[in-house]
Amino acid sequence: MTTKTEQALIQKAFQERMDEDELLNCMRCGFCLPSCPTYIESGQQEAQSPRGRIALMKAVVDGLIEPDEDVERTLSLCLGCRACESVCPSGVRYGHLLEEARDIIAQHKKMPLPVRLIRKFVFAGLFPHQERMRKATALLGWYQRSGLQTLVRKTGLLRLLPASFRQMERVLPDVPTAKEMKNRPHRLTPDGAVKKRVAFFAGCLMDTMFLATNDATLRLLQLAGCEVIIPPSQGCCGALHGHGGEKEMAKELAKRNIAAFEQLDVDYIVTNAGGCGAFLLEYDHLLKDDPQWRERAAVFTAKIKDISEVLVELGFHQLPLRVAPQTVTYQDSCHLRNVMKTATAPRRLLQAIEGVDFREMQDADRCCGSAGIYNLMEPEMSMQILDHKMDMAKQTKATTIVTANPGCLLQMKLGIEREGLAENVRAVHIVDFLLEAAEGAQAEKEGTHLRQTS
Amino acid sequence: MGERVGPLIPNEAKKRLIQVVGAENYDDTKAGRLVYSYDATPQFQSLPDAVIAPRNTKEVAEIAKICNEYRIPIVPRGSGTNLCAGTCPVEGGIVLLFNHMNRILEIDEENLTATVQPGVVTLDLAKAVEEKGLFYPPDPGSMKISTIGGNISENSGGLRGLKYGVTRDYVLGLEVVLANGDVVRTGGKLAKDVAGYDLTRLFVGSEGTLGIVTEATLKLIPMPETKQTMLALYQDLEAAARSVSKIIANKIIPATLEFLDQPTLEVVEDFARIGLPTNVKAVLLIEQDGPKEVVERDMKKMADICRAEQAVSVQLAGSEEEAEALRTARRAALSALARLKPTTILEDATVPRSEIAKMVKAINEIAEKYQLKICTFGHAGDGNLHPTCPTDARNREEMERVERAFEEIFAKAIELGGTITGEHGVGVMKAPYLEWKLGPAGIAAMKAVKQALDPNNIMNPGKVFAKSTRKRVVVTR
């Protein structure tokens, strides 16, 4: 519940901070409607569409309505997938509007103490600190390996958690040990001649819970002919903060990353998570009002490139690649597709692998419902969207669902669990799959058996 | 919730309406009302008192009865993509949604008809009939999201209007709920029907002012065997316009004959990025469908005509994907123009196609006179042009010039034997000019029909007939 005083403060901040030109640029043509997952899943409710949300933001600015709980509700139900931006002929940057509105609301609304504590812990205490991320991951690893997980699952203790958290617990990957996480190299040389010099953005979650995928990424870059630099002072990209209404903290993280990379003489800064990549790509917008950082941010963002694009550019898809025969489909990461505009490169890579029968699923470009921590915050809508997605995936008869973002990957795993398909279908990050294919070809050359990652 | 009742809906009426549709289909929250306070028309916004989503015809009839009794305005709304403020609830009341009434009821391959509920999205219908080798030709620019009910109410046109006509030409029968709650059925699956007045045609394009369409039987035709698309480029605007007249004069009716000028091309390319030329003054997007030999013959002939009229280049689309990209780009023209300035005023002047060149010339002269940028694109083949002015509503002085410029454009269209709207409808936007087209007797005849069917004026009031000379101002109840 937002009090009248809070509403008045939020309204005032809307009037001061929302970009009026951007709000006016929406000419309400409605072309965005069919692209919006929440509009579709809500049974065509205008309030759950980008056009409706922009109208509400504008109405708050114009003083037509107060930012009451209904307004807040429609803003929080948005996935932030930005599919609407790709189809908007007027070029409205909806994502920026949403981010600003959410930040205003989060900053002015007095949240209940437990929520505040959790937010503080997650946003300020955990994600920005890689050492703590490692400890938390190690703790999770201990939980998984000590037998405690089995015990907890058996005793039904999990029932104390909300359903959305319970489901997430089931699909978390087997995480690395503390020791494995410590041995992060700072520089790698390619196999053969240096074609490009790149820096690798390791991320926070990717470099702990998904460490194996990061290692695979580095290996692929070496195979493709890259000298890779991994600056140790980098950290969390801040996407979670930016999307969750903690913009100031996101800015601090952005500055830290810019500083960590700007001295390096590299062609690209490579990312392997759509969500992080898209946020890094918009650091210049995030810091647009900061004269000291605006230029530095622009130099940084100009170098951001997704791993698939880099691999295609370096002709990785022409190398021998082979997996055991299987049907494969690809689930776009929204931010990779809609913000980084990377959609064909991953498909080209997958189709180049011998043994892959690639089948495009219908609405592959529609959000899977993961959307950062959306699946934990809005489980009902998230699961509805996921169920639709799994229907589409099933129609392709794919046994491998490839994604390009950790959130999507977990969500796909969750979908597979929910549909009871775990026996026959797996979800895998594209870099893990590509490494599997590269090693598969190598193994065949050496006459050994093909291995499968899981 | 309780006390959120808008000024026009007494508590008792609210209770009865909720009894009919259920509380989950009745919304009078502020946010819920606000998001149905607009359509795609720039500058118009007015709040309804409630938003109601009925599930069937019976509920619609009950709603009409209650509203008639309490004199509550009803504004039926599809996806709100119209450009004449036709679904803006300018006098408040209820906005009626068709989210629950969105099924294709039947595709009859023997009679070549489709029977649909009003909430069906136009493209969904087109795809569904295409799967059966059939064709529903009306294709408004917003067909990806517009609904059949909205198309019928507005008598929407589209890119294929020249050869195939508009929505009206495909409506065979309707089920309509009248203001008093009576349900009437007009026409049916018949090619021939001369029994009495043609009520079907009366309701089509009546913009929700005479009744609420709850079901429609539509005519389908066989899918043309093949289709080809080409782009003709010009360095001279009027040469492009002359080509249009020459093509028709040569007894060719292409399926599509679209015109885009340079500023439009630039913004469209900026959005679509499909390699449209932006260094020419105008392009014609030309399409023909039908039997292969006919298509090939017509395309060759049209290419020759374009070249003879100084087209600098004529290019055939290499594949269906390429052709579809061109069509998509054209459909996005209006919204893409919003990239130039925050407010985009789009108009809909139509002239006999022989007068296209004169009209294009006049538009440019008027733009110059009022020091405005007016981009022009549209369905050149059927004489339906969309002169569009990118402007900024916050600049009152410029808005007044825009107002006067468009007044002159409409006057010119009428002078050339044309009309004030070819496919967008009258709504609120064109109401002040309707008399120019119809004369006082024409207006009186239309008002008599309205009075007979809706004596309490609850059906989409404030539309078609001007209440005042008030024009482009923001209305907020």
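We name chains A, B, ... by the order of the sequence lines, and we start the count at 1 in each one.
In this structure, no portion of T328(B) lies under 4.5 Å from any heavy atom of chain A. Heavy atoms closer than 4.5 Å to chain B are found in the backbone of C88(A), but not in its side chain. Contact of S35(A) with chain B is not made at all, since no heavy-atom distance falls under 4.5 Å. Interface remark: R51(A) contributes backbone and side-chain atoms alike to the contact with chain B (heavy atom separation under 4.5 Å). The part of V87(A) that comes within reach of chain B is its backbone (N, CA, C, O), which places non-hydrogen atoms under 4.5 angstrom from that chain. For D39(B), the part lying near chain A is the backbone, with the side chain staying farther off; criterion is any non-hydrogen pair under 4.5 Å.
R394(B) places a side-chain heavy atom less than 4.5 Å from the side chain of L24(A). Proximity of K144(B) to F31(A): side-chain heavy atoms (C-beta onward) are nowhere separated by under 4.5 Å. Contact annotation: the side chain of D68(A) approaches that of K30(B) to within less than 4.5 Å [non-hydrogen atoms, C-beta and beyond]. Contact check for L334(B) versus M27(A): side-chain heavy atoms found under the 4.5 Å cut-off. Residues Y39(A) and I145(B) have side chains in contact (heavy-atom distance under 4.5 Å, counting atoms from C-beta outward). Contact of the Q44(A) side chain with the F98(B) side chain is not registered, since no non-hydrogen atoms from C-beta on lie closer than 4.5 Å.
No more than 12 heavy-atom neighbours from other residues, nucleotides or ligands sit within 6.0 angstrom of CD on E380(A). The 12-atom threshold is not exceeded at CZ of R103(B), counting heavy atoms of other residues, nucleotides or ligands nearer than 6.0 Å. By the 6.0 Å contact criterion, CE on M377(A) is open, its count of non-hydrogen atoms from other residues, nucleotides or ligands being 12 or less. Remark: K373(B) NZ is loosely packed, at most 12 non-hydrogen atoms of other residues, nucleotides or ligands lying under 6.0 Å away. Under a cut-off of 6.0 angstrom, the local environment of CZ in R327(B) is crowded, with over 12 non-hydrogen atoms contributed by other residues, nucleotides or ligands.
When the candidates A59(A), P34(A), S49(A) are compared by the number of heavy-atom contacts under 4.5 Å with chain B, P34(A) comes out ahead. Contact count versus chain A (heavy atoms, under 4.5 Å) is highest, among A393(B), G32(B), A332(B), A272(B), for A332(B).
Rounding to the nearest 0.5 Å gives a distance of 10.0 Å between CG of L34(B) and NZ of K58(A). For the atom pair CG of L33(A) and OG of S146(B), the computed distance is 11.5 Å after rounding to the nearest 0.5 Å. Note: T29(B) OG1 to E69(A) CD = 10.0 Å, rounded to the nearest 0.5 Å. Once rounded to the nearest 0.5 Å, the distance linking OG of S37(B) with CG of L56(A) reads 8.5 Å.
A distance-only check finds a donor-acceptor pair linking the side chain of N99(B) to the backbone of G43(A) [under 3.5 Å]. Looking only at distances, no side-chain donor or acceptor of R28(A) sits under 3.5 Å from a matching main-chain atom of Y38(B). Listed for the T81(B) side chain is no donor-acceptor partner under 3.5 Å among the backbone atoms of C29(A).
Taking both residues in full, the closest heavy atoms of A31(B) and D70(A) are given as CB-CB, 3.6 Å, listed atom of the first, atom of the second, then distance. Shortest non-hydrogen contact noted between V35(B) and G52(A) is CG1-O, 3.7 Å.
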